[in-house]
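Input: a single structure, listed below in structure tokens.
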Number of protein chains: 6
Amino acid sequence: MSANVSITRRATFAAAHILCRDDWSDEKNREVFGACTTDHGHNYVIEVTVGGVLDPDTGMVVNLKHVDAVLRREFVDAVDHRHLNRDVEFLRGVIPTAENVAMAAFHRLEPHFKPARLMKVRVVETENNAAEVTAE
Amino acid sequence: MSANVSITRRATFAAAHILCRDDWSDEKNREVFGACTTDHGHNYVIEVTVGGVLDPDTGMVVNLKHVDAVLRREFVDAVDHRHLNRDVEFLRGVIPTAENVAMAAFHRLEPHFKPARLMKVRVVETENNAAEVTAE
Amino acid sequence: MSANVSITRRATFAAAHILCRDDWSDEKNREVFGACTTDHGHNYVIEVTVGGVLDPDTGMVVNLKHVDAVLRREFVDAVDHRHLNRDVEFLRGVIPTAENVAMAAFHRLEPHFKPARLMKVRVVETENNAAEVTAE
Amino acid sequence: MSANVSITRRATFAAAHILCRDDWSDEKNREVFGACTTDHGHNYVIEVTVGGVLDPDTGMVVNLKHVDAVLRREFVDAVDHRHLNRDVEFLRGVIPTAENVAMAAFHRLEPHFKPARLMKVRVVETENNAAEVTAE
Amino acid sequence: MSANVSITRRATFAAAHILCRDDWSDEKNREVFGACTTDHGHNYVIEVTVGGVLDPDTGMVVNLKHVDAVLRREFVDAVDHRHLNRDVEFLRGVIPTAENVAMAAFHRLEPHFKPARLMKVRVVETENNAAEVTAE
Amino acid sequence: MSANVSITRRATFAAAHILCRDDWSDEKNREVFGACTTDHGHNYVIEVTVGGVLDPDTGMVVNLKHVDAVLRREFVDAVDHRHLNRDVEFLRGVIPTAENVAMAAFHRLEPHFKPARLMKVRVVETENNAAEVTAE
């Protein structure tokens, strides 16, 4: 019997966003993005899952202090108390859906946990929807 | 032994806001409103508590369908997927703190439950803070 | 400066119920009770708040083991995995709304905590509604 | 580095059920189904996970409005405020455990998200148990 | 119509404790404190409610930054990642029940919010029990 | 189309622990384990996921009563209201991180569900971190 171990760290951020394309008509925007075509916001939750080998000296896959520092530096500090469409460098040019926010987070965080591995990023937008990006 | 009965109804809305006064310097705004001086947003929760006499025919203090209809018509429809500083008539001229949002909700909802009575409005802004307005 | 102390204990039960009066037409039942006029059920939560004097020997207002025993014996055992309209002696003849369930619980539990005092019974029916009965 | 994206949508429904086989003795039913052999009910949560390719125009794997519409039409409208043993066509002849409810939901929802793909259906029955069906 | 306003701030801390009196026999300790007579611990939640007059300039009853600072300095820093029986000056000589922890927090926090007023301290010990201290 | 089914059972326990190595200096312990180098505790949640074939007679992958009994006998009874470093036989000699607690639980529970299979053990230590062990 063999088993895989991972840890998951959760953080929160409050941000405004709008789902809307300038190159589409109001009707098309409404049809695709519904009520989200006006400025609004969310208390987002991000959960980061890192897998790897259990270090027998520390009992850890990766140090949570390191995960916290990376998560804050690479992602949360850039999006917390911000407008996702206007204020965030790495979201420029994309519609800030939960999927795109999770994808951006995954790509920014992914290089920083070696030899452990970023397995999953989950972005919870409301109590009723979330997006998940998993490593292949 | 005598007892009071009330029911509480919960609804959610997603809104953007900013805490900032134009007539204050950036320093003063930062000092008072901290990170909230830039556009951001929340998944708000509003909980409305209505007390009164238990109707023996229905087993209700007030019909939840009525509470829902009032809550939606008088409050949620006006703030959901909106920017609280710019888009909401009844919040014009006030700083949209949780306290002021709860106060506005209380005053808008209060006339509509008679002979039952609006006892409390609670507005939850994040998992770490909430404002409550109670009838005297 | 003086202060009041209370403790709150939470328990859960799963029950079926229906909101419907035999002496009313289908239309009237639908109008008043909406979707609840057919058999359905809930994971109920009951929260019991008991206030009183802090015993300096134990640091307790009332022993939680006693609260648990009373709550189970007088209420939860009678309603858990039951149909509230058909199987519960002390709910016979009342519409099992959250208000009436909370009222019945309050009256059954109230005599059993002296010299401490039952301050409040809260019955949560869904994540969106709850009833509360408080001592006058 | 490559990654998979999915979104998860949550809905709730309140239903009654009973776990019991007519062709078994009371003893056997009690032994297997425990307290569930009498009518009771739950606030169920269903979470539907759909994976696929991120549409660069919309930033979506699949439109949540479409997921909502399918989830409501194919599943929630048929089970909400119903007795799962008696009122639901597609549960006839099966014991309505969380596993069977999740399996039925999976099979009913699965054809409706193409070219995206239904990855998972999770049915939460109480705060202590849930069933999950995942695509192979 | 007049109304009262308050805000509630939430913080968490992780602590160990034991409920046991040296001057009692093992039997008596077991009888009164049950399973709590051995070292264990909790993720505590503390919720602090402060009421007062809404400042029209800020829309606040009291600045949450001030509440945070007081809560941290006067209480959370002293109990977080501590053993409540051994490491906390202001809990010496009392049994660290939820009631006593809430009472100690109330007395330590109470002087620091004037002209606003500390209305309530709630200490949640587990998902099933909490203690509450309210101003008279 | 084919699908996999699993059920997840949740239990809670309250325990104390300390993360600290006697063979390391205080500085090294602080650097690695941060605030956890002093006695503290948590309300742990353990979620156990068991997968397998749906029994058509019972509608179950595995009987939850069996999962409960195993979970209690093999794990929860040994850790609830205990100090994880001192009182738990099967954690001797390991640092009781969430990862190690989950790993120990996985190995103890794994033999007891055949022909069903233990797929996952998740141990939630605080609202912000959890460890997960999955079968390969």
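Predicted model only: the values in this text are computed from it and were never measured. Chain letters run A, B, ... following the sequence lines, proteins first, then strands; residues in each count from 1.
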Q) Just wondering, do D/L54 and A/N100 contact through their side chains at under 4.5 Å, heavy atoms? A) yes
Closest non-hydrogen atoms of A/E136 and D/A3, given as atom of the first, atom of the second and distance, are CG-N, 3.9 Å
Closest heavy-atom pair, D/N4 versus A/A135, reported as atoms and distance to 0.1 Å, is ND2-O, 4.2 Å
Residues 32-46 of chain A vs chain D, non-hydrogen distance cutoff under 4.5 Å, contacting residues -> A/V32, A/F33, A/G34
Among residues 60-88 of chain A, those lying within the under-4.5 Å heavy-atom range of chain D are none
_Run A/E132 and D/T49 through side chain to side chain contact (heavy atoms under 4.5 Å, CB included) and show every step you take._
CA-CA 9 Å; A/E132 217 169 274; D/T49 301; 5.9 Å; no
By residue number, those in residues 5-26 of chain D with heavy atoms under 4.5 Å from heavy atoms of chain A are D/V5, D/S6, D/I7, D/T8, D/R9, D/R10
Hits for side chain to side chain donor-acceptor pair (under 3.5 Å) against D/E99, two or more places apart or cross-chain, chain-then-number order -> none
